[in-house]
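Please read the structure below before turning to the comments.
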Amino acid sequence: MIRVSDIKLGLEQVANSKEVLITNVREVREYTDGKRTDNILGYAYEVTAPKNKYEKFSIKVEEKAPVITSDELEAKGGTVKATANDFVGSFYHRGDDYVFTAKASKVVLL
């Protein structure tokens, strides 16, 4: 049986384009026993998709340093064009709803 959580989407399917706009960057922390630790697992890039009615979502990437910091993003006017290598979007069930999640191997500034 096919489940909603088995469906995988590429960046072009989600954003209607290979390009998105990064609007924010935040650390993704490790959690142990339900508690946040100081260990940074990677970064989440909050993006908007101009070719898809400016839909917003986050792309998580496991990396040691972000491709752009919040200060650098602010200095560039608050948004920068980017794409995501090996992007995979999917849904998971939470309560009575489905939530969208996305990851990539790398975010590349354009």
Side-chain angles (χ1 to χ4, degrees):
M1 169 168 41
I2 296 175
R3 297 181 181 160
V4 172
S5 60
D6 294 334
I7 298 170
K8 306 299 180 206
L9 303 169
L11 183 59
E12 288 184 74
Q13 293 170 303
V14 175
N16 289 334
S17 174
K18 291 182 180 180
E19 295 181 8
V20 292
L21 296 174
I22 297 175
T23 58
N24 194 20
V25 182
R26 62 181 171 79
E27 297 171 339
V28 175
R29 300 281 182 143
E30 180 179 34
Y31 282 78
T32 303
D33 298 325
K35 294 184 182 181
R36 184 175 133 159
T37 70
D38 290 335
N39 188 25
I40 298 171
L41 298 176
Y43 292 86
Y45 298 91
E46 294 176 20
V47 301
T48 187
K51 303 275 182 171
N52 189 9
K53 301 178 184 177
Y54 288 89
E55 188 68 39
K56 295 179 182 181
F57 56 96
S58 292
I59 303 171
K60 293 179 185 172
V61 181
E62 290 182 22
E63 58 191 356
K64 296 192 184 287
V67 296
I68 190 166
T69 65
S70 294
D71 291 340
E72 292 168 335
L73 185 61
E74 188 176 319
K76 292 184 179 273
T79 61
V80 292
K81 287 184 181 180
T83 192
N85 295 350
D86 305 315
F87 177 95
V88 177
S90 61
F91 293 89
Y92 64 93
H93 192 256
R94 182 170 66 189
D96 292 335
D97 205 3
Y98 285 92
V99 179
F100 180 75
T101 185
K103 64 181 178 178
S105 63
K106 185 177 184 177
V107 167
V108 179
L109 300 182
L110 301 174

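Here the closest non-hydrogen pair linking I40 and E27 is CD1-OE2, 3.3 Å. Between Q13 and N16 the shortest heavy-atom distance is O-OD1, 4.2 Å. The nearest pair of heavy atoms linking K60 to V28 is CG-CG2, 4.4 Å. Of all non-hydrogen atoms in L11 and A84, the two that sit nearest each other are CD2-N, 3.8 Å. When all heavy atoms of A82 and V107 are compared, the pair lying nearest together is CB-CG1, 4.0 Å.
For the ring pair (Phe, Tyr, Trp, His ring centres under 6.0 Å) condition, the pairs that include at least one residue of residues 90-110, sequence neighbours left out, are F57-F100, F91-F100, H93-Y98. Evaluation of the side-chain hydrogen bond (donor to acceptor under 3.5 Å, both in side chains) test over residues 81-91, restricted to residues two or more places apart or in two chains, returns D86-S105. Within the structure, ring pair (Phe, Tyr, Trp, His ring centres under 6.0 Å) contacts touching residues 3-36 (residues at least two apart or in different chains) do not occur. Among residue pairs with one or both ends in residues 7-27, none qualify as ring pair (Phe, Tyr, Trp, His ring centres under 6.0 Å); sequence neighbours excluded.
Side-chain contact check for R26 versus S58: some heavy-atom pair is nearer than 4.5 Å. Contact annotation: the side chain of K76 approaches that of I68 to within less than 4.5 Å [non-hydrogen atoms, C-beta and beyond].
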Stepwise side-chain contact (heavy atoms from CB on, under 4.5 Å) check, K103 with T101: CA-CA 7 Å; K103 64 181 178 178; T101 185; over 6 Å; no

Stepwise side-chain contact (heavy atoms from CB on, under 4.5 Å) check, L73 with V80: CA-CA 7 Å; L73 185 61; V80 292; 3.8 Å; yes

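Within a 6.0 Å sphere centred on NZ of K8, other residues, nucleotides and ligands contribute more than 12 heavy atoms. The 12-atom threshold is not exceeded at CD of E62, counting heavy atoms of other residues, nucleotides or ligands nearer than 6.0 Å. For E74, the CD atom counts as loosely surrounded, since its 6.0 Å shell holds 12 or fewer non-hydrogen atoms of other residues, nucleotides or ligands.
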Expected list for residues 41-52: side-chain donor-acceptor pairs under 3.5 angstrom, two or more places apart:
from : atom 1 : to  : atom 2 : distance (Å)
Y45  : OH     : E63 : OE2    : 2.3
Y45  : OH     : V67 : N      : 2.9
T48  : OG1    : Y54 : O      : 3.0
N52  : ND2    : V14 : O      : 2.6

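V108 is not connected to F87 by any chain of hydrophobic side-chain contacts under 4.5 Å among Ile, Leu, Val, Met, Phe, Trp and Tyr, and they are in different clusters. L21 and I59 sit in two unconnected hydrophobic clusters of ILVMFWY residues. Membership requires side-chain heavy atoms under 4.5 Å apart, directly or through other members.
Every residue two or more places apart in sequence or in another chain that forms a side chain to side chain contact (heavy atoms under 4.5 Å, CB included) with E12 is listed here: K18.
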